[in-house]
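Hydrogens, waters and symmetry mates are skipped; everything else that's a heavy atom, side chains included, is used.
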Amino acid sequence: MDTDYIKEFVMLSECLNFSEAAERLFISQSSLSKHINTLERELEAKLFVRTTRSIRLSNVGELFLPYARKIADLCSESRIAVEDYNSRSSTSLTIAVMQNPQYYDLAKYLTGFRKAYPDLSFSMVEADEFGLYDMFKRKQVNIFPTYSSLCDSENFIFMPMVESAIVAIFRKDHPFAKSHSISLHQLSGERLLLPTRGGALSNKIRSAFRNENINPDVVYEGSSIGCVDLVKAGMGVSLHAREFAAVLSRDTDVSCVEIEPALTFIYGLGHRAPAELSHAEQLYLSYMKQYELK
């Protein structure tokens, strides 16, 4: 007995209309009719009473329906179970990468992971913090880099990895470029170039200014590279993560200055419960735990 035919019988019993059932099943009416006829021959009984104007379940159809539903449900459950097993047993994984991966020293982590598990294969997908979280919610990735500001979410577990701070990036000829540190009040008259609007870093910076009763003159919120290019063009001062600024340390056109008091933040990995991860994902998470912030 073909289980697909049984599923089609269940659908037809719900619609009681060949045209509608066939459309929902993505098959032709003639195929559906042929399959129902085959099922009836195997059961040696009519499942439907058909007239020129209507269709209804026969007494045998009424009797068979609850069993057919159980069979259809078990088929779906077994398929999901097998797909889940294959996913968990996979030796490949997708690693989510945040834009500007220097924020969390991507090369060091991935190089070490590849050396530890040379038989595993992985691909990388990159997006900003909003895109990564959206991919996580859509179950396109199960582990993703994020900030502690999102750790109140009930959707994932947060593993802190690095505590960092915001620094100011000046053009070399700016009066503050050679300062050891600078306060937010000293920046109150500057045109500010910030990371992505509404993101964790931008929100952190804006909140700090509000706490000091300063109304910042924000002229740009966008990509990190865009911020640096605008700094070089004399369009303003950028506030960014210390790790990003460290990458610029060899750039002779800009200077990075600490902010006092420090504007610190924490970033790391968001992930599902270990039981929901594939074997490869569990290995990746286990490897990354050695860098967990204690």
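For M135, the CE atom is densely surrounded, since the number of other residues' heavy atoms within 6.0 Å is greater than 12. When the shell of 6.0 Å around CZ of R197 is examined, it contains 12 or fewer heavy atoms from other residues, nucleotides or ligands. For N59, the CG atom counts as loosely surrounded, since its 6.0 Å shell holds 12 or fewer non-hydrogen atoms of other residues, nucleotides or ligands. Heavy atoms from other residues, nucleotides or ligands lying under 6.0 Å from CD of Q140 number more than 12. Surrounding CD of E44 are at most 12 heavy atoms belonging to other residues, nucleotides or ligands under 6.0 Å away.
Ring geometry for Y287 against Y117 counts as perpendicular: the plane angle is over 60°, on a 0 to 90° scale with 30° as the lower cut. Using cut-offs of 30° and 60° for the angle between ring planes, the H35 and Y5 rings count as parallel.
Nearest approach of R272 to V141, heavy atoms of both residues: NH2-O, 3.6 Å. A pairwise comparison of heavy atoms in I157 and A273 identifies CD1-CA, 3.9 Å as the closest pair.
One distance of note links CE of M288 with CD1 of I95; it measures 8.0 Å at 0.5 Å rounding. Atoms CG and NE2, on N155 and H271 in that order, are 13.5 Å from each other to the nearest 0.5 Å. Atom CD1 in I6 sits 13.5 Å away from atom NZ in K70 (nearest 0.5 Å). Distance check: L63 CG to L57 CG gives 11.0 Å after rounding to the nearest 0.5 Å. One finds the CG atom of L269 at 9.5 Å from the CE atom of M98 (value rounded to the nearest 0.5 Å). Note that the CG atom of L93 and the OH atom of Y284 stand 7.5 Å from one another [nearest 0.5 Å].
With E14 contributing its side chain and M11 its backbone, the two residues share no donor-acceptor pair below 3.5 Å. Checked by atom type and distance alone, the side chain of S238 pairs as donor or acceptor with a backbone atom of L193 at under 3.5 Å. N142 contributes no side-chain N or O that, together with a main-chain N or O of L277, makes up a donor-acceptor pair within less than 3.5 Å. In terms of modelled atom types and a separation under 3.5 Å, the side chain of S13 and the main chain of V10 share a donor-acceptor contact. Side chain of E281 to backbone of S278: a donor-acceptor contact under 3.5 angstrom is found. Looking at S33, its side chain never comes within 3.5 Å of a backbone N or O of S30 through a donor-acceptor pair. A side-chain donor-acceptor contact under 3.5 Å links S179 to the backbone of F176. Using modelled atom types, no side-chain atom of S54 and backbone atom of T51 make a donor-acceptor pair closer than 3.5 Å. Side-chain N or O atoms of R191 include one that pairs as donor or acceptor with a backbone N or O of G234 at under 3.5 Å. Listed for the E40 side chain is a donor-acceptor partner under 3.5 Å among the backbone atoms of L47.
Taking the six-membered ring for Trp, F156 and F144 have ring centres closer than 6.0 Å. Aromatic rings of F64 and F9 (six-membered ring for Trp) have centroids within the 6.0 Å cut-off, being under it.
A salt bridge is defined here as a Lys NZ or Arg NE, NH1 or NH2 lying under 4.0 Å from an Asp or Glu carboxylate O, and R206 with E212 fails to meet this definition. The pair R69-D73 does not count as a salt bridge, with every side-chain nitrogen at least 4.0 angstrom from each carboxylate oxygen. One finds a salt bridge joining E258 and R242 here, because a Lys/Arg side-chain nitrogen approaches an Asp/Glu carboxylate oxygen to under 4.0 Å.
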Worked verdict on E190 versus H174 for side chain to side chain donor-acceptor pair (under 3.5 Å): CA-CA 11 Å; E190 300 287 342; H174 192 284; 3.2 Å; yes
Side chain to side chain contact (heavy atoms under 4.5 Å, CB included) evaluation trace for Y220 with L192: CA-CA 7 Å; Y220 176 81; L192 300 181; over 6 Å; no
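Side-chain contact between L263 and L184 is present, with heavy atoms from C-beta onward closer than 4.5 Å.
With Y133 as the aromatic partner, K137 meets the cation-pi criteria of under 6.0 angstrom to the ring centre and within 45 degrees of the ring axis.
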